[in-house]
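Read through the structure below, which is laid out as structure tokens, and then see the notes.
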Amino acid sequence: MQILSAIDHALWLSLTMFWQIFWGLSLGFTFSAIIEVVVSKETMSTLLPDRRPRSIVIAGLLGAATSSCSYAAVAMARSIVRKGGDFTAAMAFQFAATNLVLELGVLLWVLMAWQFAAAEFVGGTIMLILLGAGYALLLPKKLEHAAIEHARGDATSSMDGHAAMAMGKRTGTWRERLASRKGWIAISHYYVMNWTMVWKDVLVGLLIAGALGAWVPDHFWQVFFLQGQSTWLIALWGAAIGPLIAIAAFTCSVGNVPLAAVLWNGGISFGGVVAFIFGDLIIPPILNIYRKYYGSKPTLFLFITFYLVMVLAALCVEGIFFLLGWIPSQHGKNVSMATISFNYTTMLDIAFFIVASILAITFFRSGGPRMMRMMSGGGHDHADASHAHHHDHCC
């Protein structure tokens with residue numbers, strides 16, 4: 001009975017966290033889908049010809065206007081490289097596409113506090129600066145050329161179809177696309193596709209967060225996160241261990257938010273939460289995709305440099321927010337005591353459930369499942385062009 005009670009407690013905690021974040025996810029995915037239709041990316045590679053500050057800024061802006069799914073961002077970055085875009089700018093793009101997007105900020109605000117949403121955007125910007133400057137100084141030309149040549153090979157991933165569609169040609173102006181029936185059909189397709197890309201990560205993240213929040217005693221977290229030690233040691237340890245916990249969790253940035261709330265409640269440093277969220281780009285499945293796309297040695301270079309950038313950015317965020325007095329003074333309420341009640345969250349969940357239902361019905365009635373089946377095979381070159389062309393005409 002005790003085992004069943006413990007499982008029930010963990011599942012209930014997972015459910016309450018999903019109830020808190022559903023409307024934020026739906027809001028973020030809706031805006032992300034609208035941006036995907038409005039913003040044309042077919043000339044992205046020509047906009048990122050080098051690693052100069054201008055290209056890094058453009059990469060950050062384009063990434064912020066793209067889905068936060070780590071796998072899709074990595075596939076799009078590789079597509080940029082294949083089409084002649086700069087390697088460093090492509091890496092900056094995928095950093096921005098996972099850490100500077102609306103839905104991630106909304107979830108952090110809803111489940112934790114506004115300071116975490118602000119920290120994510122500040123930290124993401126710092127990462128772009130560190131990455132651009134660091135690669136300009138440290139990236140060996142020989143290694144970069146090897147990565148680019150490998151990227152032009154035949155390796156594929158399940159997200160190549162999404163990358164092709166996202167970077168496909170758009171017809172008409174953005175106003176015409178947004179005002180047309182076909183434009184809103186396309187929005188419904190992107191909306192459902194956003195859910196299909198991350199639902200597994202969100203589910204796994206919620207289950208892990210529920211289990212840890214319900215089963216792991218507070219004393220363990222306090223010891224693990226060095227509570228009672230000096231402030232600088234806690235900050236350094238949190239920033240260093242955050243990405244490593246993300247590696248063990250195996251989930252993407254959106255799926256990591258519930259677990260981030262548990263870690264913060266357990267006593268990890270403010271910068272440690274930020275570093276943990278950043279770590280989605282070095283989890284084992286993503287590293288394996290890097291290996292397929294760019295080769296083994298470039299993958300090792302990416303892993304080491306990405307990790308260092310994440311840690312340094314997290315420490316910078318901790319210092320900046322400490323000086324501004326923006327770090328929350330307490331580690332929040334105990335997540336194991338979360339409940340479901342009729343309040344503004346429930347009203348927002350109902351409203352965005354209606355939005356989700358309308359978009360899902362539109363998706364199924366307009367050939368969305370067929371489009372998803374076509375994309376599921378990934379592909380490259382002529383297959384990518386075919387998928388993008390198909391979506392441009394049917395949506």
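The structure presented is a predicted model; accordingly, all values stated were derived computationally and were not measured. One is the number of the first residue; the rest follow in order along the sequence.
W232 and W237 have their aromatic ring centers separated by at least 6.0 angstrom. Taking the ring centroids of F116 and W264, they lie under the 6.0 Å cut-off. Taking the centre of each ring, Y190 and F29 stay at or above the 6.0 Å mark. Taking the ring centroids of F363 and H189, they lie under the 6.0 Å cut-off. Residues F22 and F352 place their aromatic rings such that the two centres sit no closer than 6.0 Å.
Cluster membership check: V204 shares its hydrophobic cluster with L206, using side-chain heavy-atom separations under 4.5 Å among Ile, Leu, Val, Met, Phe, Trp and Tyr. When the side chains of ILVMFWY residues are joined at heavy-atom separations under 4.5 Å, either directly or via intervening members, I320 and W114 end up in a single hydrophobic cluster. I126 and V57 end up in different hydrophobic clusters when Ile, Leu, Val, Met, Phe, Trp and Tyr side chains are linked at under 4.5 Å.
Note that the NE2 atom of H219 and the CD atom of Q222 stand 7.5 Å from one another [nearest 0.5 Å]. Interatomic distance, L138 CG to L143 CG, rounded to the nearest 0.5 Å: 11.5 Å.
Within the 4.5 Å cutoff, no side-chain heavy atoms of V74 are placed close to those of F93. The closest side-chain heavy-atom distance from I34 to W184 is below 4.5 Å. P369 is listed as a side-chain neighbour of F364, based on a closest heavy-atom distance under 4.5 Å. Put simply, the side chain of Q115 reaches to within 4.5 Å of the side chain of F270, judged on heavy atoms.
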Residues L207, L11; criterion side chain to side chain contact (heavy atoms under 4.5 Å, CB included); working and verdict: CA-CA 7 Å; L207 292 175; L11 292 176; 3.9 Å; yes
Could you walk me through whether T88 and I56 pass the side chain to side chain contact (heavy atoms under 4.5 Å, CB included) test, one step at a time? CA-CA 8 Å; T88 299; I56 301 300; 4.1 Å; yes
Starting from the C-alpha separation in whole Å, work towards a yes-or-no answer on side chain to side chain contact (heavy atoms under 4.5 Å, CB included) for K292 and N288. CA-CA 6 Å; K292 291 180 180 179; N288 188 48; 3.7 Å; yes
What's the verdict on side chain to side chain contact (heavy atoms under 4.5 Å, CB included) for Y294 and R78, showing C-alpha distance, side-chain angles and the deciding distance? CA-CA 9 Å; Y294 306 119; R78 189 256 194 142; 3.6 Å; yes
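The minimum heavy-atom distance between L130 and A313, with the atom names listed, is CD1-N, 3.9 Å. Nearest heavy atoms, V273 versus M112: CG1-CE, 3.9 Å. Of all heavy-atom pairs between I208 and A249, the closest is CD1-O, 3.9 Å. Across P243 and I282, no two heavy atoms sit closer than the pair CB-CD1, 4.0 Å. Listed here is the closest heavy atom pair of M91 and A77: CE-CB, 4.3 Å. Contact between I277 and A260 at its shortest, heavy atoms only, is CD1-CB, 3.8 Å.
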When the side chains of residues 303-311 are checked against the rest of the protein, which donor-acceptor pairs come out under 3.5 Å, sequence neighbours left out?
| residue | atom | partner | partner atom | Å |
| --- | --- | --- | --- | --- |
| T305 | OG1 | Y135 | OH | 2.7 |
| T305 | OG1 | F301 | O | 2.7 |
| T305 | OG1 | L302 | O | 3.3 |
| Y307 | OH | A240 | O | 2.7 |

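Without hydrogens or angle criteria, S55 side chain to A89 main chain gives no donor-acceptor distance under 3.5 Å. Within the 3.5 Å criterion, the main-chain N or O of S70 finds no donor-acceptor partner in the side chain of Q94. A donor-acceptor pair under 3.5 Å is formed between the side chain of D349 and the backbone N or O of W23. Between the side chain of N99 and the backbone N or O of F95, at least one donor-acceptor pair lies under 3.5 Å. The backbone N or O of G153 sits less than 3.5 Å from a side-chain atom of R82, completing a donor-acceptor pair. A donor-acceptor pair under 3.5 Å is formed between the side chain of W215 and the backbone N or O of A6.
Checking T299 against Y293 by side-chain atom types alone, no donor-acceptor pair falls below 3.5 Å.
Within 6.0 Å of CZ on F31 lie no more than 12 heavy atoms contributed by other residues, nucleotides or ligands. By the neighbour-count criterion of 12 heavy atoms within 6.0 Å, atom CH2 of W195 is densely surrounded, having more than that number from other residues, nucleotides or ligands.
Under the ring-ring contact (aromatic ring centres under 6.0 Å, His included) criterion, F220 pairs with F224, not counting sequence neighbours.
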